[in-house]
Amino acid sequence: NAPSLTITPASFINVTEIIITGTSIISGALPIGLTYLYLLGNSINWTYSGALPTGLTLLLLYGNSINWTYSGALPTGLTYLYLYGNNINWTYSGALPTGLTLLYLYGSNINWTYSGALPTGLTYLLLYGNNINWTYSGALPTGLTYLLLYGNNINWTYSGALPTGLTYLL
C-alpha cells in the first residue's frame, strides 16, 4: 500500500516547486505560491475547480488515473501541461487553459480531438503513443509549429487538418 499525504500550506512557505510520487491519497491545500507541481504515479482521477494554485505554470501528472478534466479545473495561467501515462480519451472544449503553449499527452488513450478543444495559442503538441486514427479539419490550432503523432494508427486526414505553419511533424 502506498502512503497517504496531507499537505498543509504552512509547511511549504516560499516553496515554488513540489514533487510527489507514489502516494495513494493526497489531501489538503497546496501552497498558493506554487508554480511547478509534479505528481508522479499517484491515485489522482480528477481535479476540481480551484484545487490547484492559480499561479501554477507547469503541471506534470505522470502515470496517474486521470481520465478527463472539468472545464475550469486547470489554472488559467498554466503554460506547460504534461499528462502522459494517463487514460485521457478526450477533453471538453474549454477544459484546457487558453494560455497553454505545450501539451504532452504521450500514452493517454486519446483517439481524436474535437474542433475547439485545444487552445489557440498552443505551439507544441505531443500526442504519440495514443489511438488517434484521424483528425478533423480545424481541430489543431493554427499556430501549432511542433506536432508529434508517431505511434498512432493514422490512416488519413481531412484536407486542411494540419496547420500551415507547422515546422516539425513526426
task = Would you indicate whether the side-chain heavy atoms of Leu60 and Leu37 approach each other to under 4.5 Å?
result = no
task = Mind checking ring pair (Phe, Tyr, Trp, His ring centres under 6.0 Å) for Tyr84 and listing every partner two or more places apart, or none if nothing turns up?
result = Tyr62, Tyr104
query = Would you say Leu162 and Leu147 make side-chain contact, with heavy atoms under 4.5 Å?
reply = yes
task = Could you list all the side chain to side chain donor-acceptor pair (under 3.5 Å) pairs where at least one residue sits in residues 161-170, not counting sequence neighbours?
result = none
ask   = Is the closest side-chain heavy-atom distance between Leu126 and Tyr106 below 4.5 Å?
value = no
ask   = Would you say Asn152's side chain and Leu127's backbone share a donor-acceptor pair under 3.5 angstrom?
value = yes
ask   = Can you tell if the side chain of Tyr124 reaches within under 4.5 Å of the side chain of Leu144, non-hydrogen atoms only?
value = no
inquiry  = Minimum heavy-atom separation for Pro141 and Pro163, please, with both atom names.
reply    = O-CG, 3.2 Å
ask   = Nearest 0.5 Å, what's the CG-CG distance between Leu40 and Leu61?
value = 8.5 Å
ask   = Does any non-hydrogen side-chain atom of Thr35 lie less than 4.5 Å from one of Leu58?
value = no
key: Tyr80 OH to Thr57 OG1 distance, which is reported to the nearest 0.5 Å   = 8.0 Å
